[in-house]
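Worksheet: the structure to be examined is printed underneath.
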Amino acid sequence: MHTGVKITAFAAALAATFGTAYGVGAGVGPVVAEEERPAARHGERQPGGHGEPDAAGHGERNAGGHDAPAARAPGGLQVSERGHTLALEPSALRAGERGELRFRVTDAHGRAVTAYEREHGKELHLVLASRDLTVYRHLHPVRGADGTWSTPVELPRAGDYRAFADFTPAGGAALTLGADLAVSGAYRPAAPPAPKRVAEVDGYRVELAGTPAPGRAAALTLRVSRDGRPVTDLQPYLGAYGHLVALRAGDLAYLHVHPHEGPAGPEVSFTATAPSPGAYRLFLDFKHDGKVRTAAFTVHAH
C-alpha cells in the first residue's frame, strides 16, 4: 500500500469509451479496531509504508530498505514472482452464499511465509474483483500460525474472479500476486457501466475530476458530499483518508495507491500515470461515520 504514489501498474490496455460509472455499496471487509493515522505527507513514508513506485507499481528503495526493481509486468498478473507464490486452497464458493476463502503465500522452497512487514496496519491486503469489474471486495484475512490465511466472503454474482494478495515479506520488497477464483451459480454477464463522472453510494455523492494520461502524471481528485453538503470530516482508514485500487479492463492489472496529504475532505487527491491508452476501473474506499464505503468509476486513459 503506497502513500502518495502514482498509478503505474499498467501496460497495454483494452480500448474503451471514456466515462465514469456507478458506485458500489459497502464492498469492503469488516474493519478491525486499531489506531488510525491520517495520511502521510506526499512522498513521506509512514511506519510500515512504501516509497514512491516505479513504472510497474513497485516500491523504490525507501526507509524500509526496499530495492527499486527494473520495470516488469504490472502487479497482480502473475501467480508467482521473485520466489513467492500465491496458493489458493480449493474452495466451493457459491454466489449469494457466505463461504470461506483460504490461501497461503509460499517461498521458493514451497514453505508457507509466516513473517511479513505491516503495511498500513495489516500484514496483507486481499482484493477480490470479478472479471467484468462489477464486483469488488477489499478484505483483511487472518493468518494462522502455519501461514494459512482465511477470510469469510460472500460474493453476489457467479463467474470468474481474480484474487490479489498485496503484501511485503519480511526483509523483502512489496509484491502483488494474483490468482483466478471461480464462483458457482447462474452466470449472467453484466453490461458495461454507463458513462458519467459521479458515483453515488449510501447517500454519498463522489465526483471525479481529472483523467489518467498515458506516460505522464495527471491529477485525480475525488470530492465527497452528502445531502448536498461537502464532507469535511472523513476518518482515517488504514492510515489514510482514501485508498484507490485501479484495475485494467481485460486482464485486471492491479495497483493500490494512497492520497496526497490534505485535509479530511471534501477532496481526496492522487497522482495517476497510465503507461498506455485504455480502460481502467477505479475503486475509492473512504470512511465516514465509522463505516467504510466504496465508490467505483470507469475511466479511459488517452
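With no hydrogens or angles considered, a side-chain donor-acceptor pair links H140 and H125 at under 3.5 Å. Side chains of R157 and T134: a donor on one and an acceptor on the other come within 3.5 Å. A donor-acceptor contact closer than 3.5 angstrom is absent between the side chains of Y187 and D160. A donor-acceptor contact closer than 3.5 angstrom is absent between the side chains of H84 and D107.
Checked against a 6.0 Å centroid threshold, the rings of F270 and H260 do not count as neighbours. Aromatic ring centres of W149 and Y116 lie closer together than 6.0 Å. For Y204 and F286, the ring centers sit closer than 6.0 Å to each other.
Looking at R223, its side chain never comes within 3.5 Å of a backbone N or O of L208 through a donor-acceptor pair. A donor-acceptor pair is defined here as one N or O able to donate and one able to accept, closer than 3.5 Å; such a pair exists between the side chain of S130 and the backbone of V135. In this structure, R248 contributes its side chain and D251 its backbone to no donor-acceptor pair below 3.5 Å. Distance alone, capped at 3.5 Å, places no donor-acceptor pair between the E267 side chain and the T221 backbone. At least one donor-acceptor pair under 3.5 Å links the side chain of D146 to the backbone N or O of T148. Not one N or O on the side chain of H120 forms a donor-acceptor pair closer than 3.5 Å with the backbone of G239.
Note on ring orientation: taking the six-membered ring where Trp is involved, the planes of F164 and Y254 are parallel (angle under 30°, cut-offs 30° and 60°). H300 and H302 have tilted rings, their planes meeting at an angle from 30° to 60° on a 0 to 90° scale. Between Y136 and F283, the two ring planes are parallel [angle under 30°; tilted spans 30° to 60°].
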Compile the donor-acceptor pairs under 3.5 Å between side chains in residues 86-102 and protein atoms, sequence neighbours left out, one pair per line.
from, atom 1, to, atom 2, distance (Å)
E89, OE1, R102, NE, 3.1
R94, NH1, S184, OG, 3.4

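Among residues two or more places apart in sequence or in another chain, the side-chain hydrogen bond (donor to acceptor under 3.5 Å, both in side chains) test is passed with R143 by E123.
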